[in-house]
Amino acid sequence: MTLPPLTLYLAAPRGFCAGVDRAIKIVELALQKWGAPVYVRHEIVHNKFVVDDLRAKGAVFVEELDECPDDRPVIFSAHGVPKSVPAAAQARAMIAVDATCPLVTKVHNEAARHSADGLQMVMIGHEGHPETVGTMGQLPEGEVVLVETEADVAGLVVRDPSKLAYITQTTLSVDDTAGIVAALQARFPAIVGPHKEDICYATTNRQAAVKAIAPKIDALLVIGAPNSSNSKRLVEVGRAAGCAYAQLVQRAVDIDWRALEGIGAVGITAGASAPEVLVNEVIDAFRARYDTTVELVETAQETVEFKVPRVLRESV
Ligand code: SF4
């Protein structure tokens, strides 16, 4: 049987970032050092495949610290945690390892510095996302106010419009965030911004790669989890760049083949918490149905690496 021709444009960079890589390594090393079970507060990264794999090795995922026993190690996820969480672990004399991405910690430190200078923080982020909860929880209640959209800026109530700084979630849409920042600067001209962009290199690079493949493709598939902020933003970026069909899929089984009927070029990318094995699974699924040519579209090379905490480095 002759298969119909199809070109897959593979975005690069895609998939795992340095923060996710480090968080997974931390859980694996903790299991080596202390044995199972090791408790992990919140999904270590937003990907079911990764979480299931670590669970099979002996990690126990919980939502709150109360669910962990005092005598087993606990790991805090890459998204970061409110200050109250490590404090509670310390009060219980637990072994706690922080897998917060260093780029999220950078935002936490920024917030603390501005607050020490007497500034109230405006956080641009998504309500309820663990990273937003963790970052807002670095300061006492009321010291950080949240905006999600440009429209929110108009209704924002602040303590003193001349004493404000803004920070952002690391995984937002670069373009949407620029609009919100412009609205904040228009309403509060004295507002102080981050020294260096809060949206991380991995989010920025993955969005740029999607923009580069968008003009070549009829459809975009983003491999990622429905609760992964950076993956959802990639779908939005694809649509905004002119790709009418842009879908999030967790695995090959989620692909809606009927929606792809008659098309000749598909873009593939993956969120920062999606492993490459799932990208390969999707490519194989295309190969089974199409005479597939894969073209890599590389817009940046990433060399960032983060060290694991010393307590685990010494154990290896
Ligand atoms: S997406 Fe960015 S901030 Fe989040 S873990 Fe990866 S590098 Fe860190």
Side-chain angles (χ1 to χ4, degrees), residues 11-29 40-51 54 61 75-82 97-112 123-126 128-138 166-177 194-210 222-237 248 269-276 278-279 299-309 312:
R14 64 176 176 280
F16 275 9
C17 60
V20 162
D21 211 37
R22 172 178 179 269
I24 294 168
K25 247 186 233 152
I26 286 175
V27 179
E28 285 174 341
L29 291 174
V40 183
R41 186 188 175 276
H42 197 76
E43 284 189 335
I44 187 77
V45 299
H46 280 155
N47 189 277
K48 187 179 176 316
F49 186 88
V50 172
V51 167
L54 292 173
F61 292 88
I75 296 168
F76 305 137
S77 85
H79 300 102
V81 286
V97 185
D98 190 0
T100 303
C101 175
L103 299 181
V104 174
T105 303
K106 169 190 142 306
V107 180
H108 291 180
N109 294 341
E110 219 168 80
M123 170 147 200
I124 306 172
H126 297 290
H129 186 279
E131 186 186 326
T132 300
V133 173
T135 301
M136 292 182 76
Q138 298 305 305
Y166 73 85
I167 47 175
T168 81
Q169 203 178 309
T170 56
T171 50
L172 300 180
S173 151
V174 173
D175 296 336
D176 292 353
T177 305
H195 184 58
K196 190 175 176 291
E197 185 65 65
D198 287 340
I199 297 177
C200 76
Y201 79 96
T203 299
T204 308
N205 287 348
R206 279 150 193 69
Q207 291 178 14
V210 163
V222 177
I223 300 159
N227 56 349
S228 157
S229 172
N230 78 86
S231 304
K232 288 194 284 187
R233 301 296 83 77
L234 289 173
V235 173
E236 291 166 7
V237 167
L248 193 64
T269 187
S273 44
E276 188 66 7
L278 299 183
V279 175
T299 51
Q301 286 192 347
E302 291 179 347
T303 52
V304 180
E305 259 185 70
F306 296 129
K307 281 186 185 160
V308 298
L312 292 172

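Both counts, for ligands and for their atoms, begin at 1 and track the order of listing.
A salt bridge does not link Glu236 with Lys232: every distance from a Lys NZ or Arg NE/NH1/NH2 to an Asp or Glu carboxylate oxygen is 4.0 Å or more.
At distances below 3.5 Å, not a single donor-acceptor pair connects side-chain atoms of Arg22 with backbone N or O atoms of Ala18.
Among protein heavy atoms, the minimum distance from atom 6 (Fe) of ligand 1 is reached at Cys17 SG, 2.2 Å. Shortest contact from atom 3 (S) of ligand 1 to any protein heavy atom: Thr170 OG1, 3.2 Å.
The proximity of Cys200 to ligand 1, defined as any non-hydrogen pair under 4.0 Å, is limited to the side chain.
Metal site remark for atom 8 (Fe) of ligand 1: Cys101 contributes an N, O or S atom at a distance under 2.8 Å.
Checking Thr100 against Asp98 by side-chain atom types alone, a donor-acceptor pair falls below 3.5 Å. Looking at Thr170 and Glu131, their side chains do bring a donor and an acceptor atom within 3.5 Å of each other.
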